[in-house]
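These notes concern the structure reproduced below.
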Amino acid sequence: MTTDDLAPAPFHTTTCPDCTAAFDEQMDLLHDSTCPYGIGEDQTSDADRQFFEDHPDVDHYYRPLTASERITMRLTWTVPLPERGEFAGRVLVTRVGPGVRYRSFAGVVFLLGGTR
């Protein structure tokens, strides 16, 4: 195995339905400041931060996938996703250090042929 074998899969990108979202040099998807999905991502981050401030002895928790995370996953999945289908599962949010959190989507799957 070479390091080329370990290269990340390329993102499948589509257009955000509400803005001109683009990836920055760290491969973070940046929405326009007025985009409801970008605002939703900020609100999700704020809610995760608040959870750990309210529960200082907890180092992780599970929560449902948010609407903004669903659209971001649709935009960044490594292959195109069919229109009919839905995400299911829970997000694991872990406190890494003061003010630093990590979200794991390993427990999230895409169910083909769902209601959407």
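Throughout, numbering of the chain's residues begins at 1 and tracks the sequence. Given the structure is predicted, the values throughout are model-derived calculations rather than measurements.
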CA sep, side-chain torsions, deciding dist, call: Leu65, Met73, side chain to side chain contact (heavy atoms under 4.5 Å, CB included): CA-CA 10 Å; Leu65 191 65; Met73 290 184 80; 3.9 Å; yes

Working for side chain to side chain donor-acceptor pair (under 3.5 Å), residues Thr20 and Asp32: CA-CA 7 Å; Thr20 59; Asp32 295 343; 3.0 Å; yes

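Residues Ala88 and Leu111 share a closest heavy-atom pair of CB-CD1, 3.7 Å. Between Gly40 and Ser68 the shortest heavy-atom distance is C-OG, 3.3 Å.
Residues passing the ring pair (Phe, Tyr, Trp, His ring centres under 6.0 Å) test with Phe110, sequence neighbours excluded: Phe87. Scored by the side-chain hydrogen bond (donor to acceptor under 3.5 Å, both in side chains) test, Asp42 finds no partners at all (sequence neighbours excluded). Shown here are the ring pair (Phe, Tyr, Trp, His ring centres under 6.0 Å) partners of Tyr61, two or more places apart in sequence or in another chain: Phe51, Phe52. Taking the side-chain hydrogen bond (donor to acceptor under 3.5 Å, both in side chains) definition, one finds that Asp54 meets it with Gln50, sequence neighbours left out.
Distance check, rounded to the nearest 0.5 Å: OG1 of Thr44 to OH of Tyr37 gives 13.0 Å. From Thr66, atom OG1 reaches atom CD of Glu41 across 5.5 Å, with rounding to the nearest 0.5 Å. The CG atom of Leu92 sits 6.0 Å away from the NE2 atom of His60 when rounded to the nearest 0.5 Å.
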Would you tabulate the side-chain donor-acceptor contacts of residues 95-109 under 3.5 Å, counting partners in other chains and residues two or more places apart, or write 'none'?
from, atom 1, to, atom 2, distance (Å)
Arg95, NE, Val58, O, 3.4
Arg95, NH2, His55, O, 3.1
Arg95, NH2, Pro56, O, 3.2
Arg95, NH2, Val58, O, 2.6
Arg101, NH1, Gly99, O, 3.4
Arg101, NH2, Ser45, OG, 3.2
Arg103, NE, Asp48, OD2, 3.3
Arg103, NH1, Glu69, OE2, 3.0
Ser104, OG, Ala106, N, 3.3

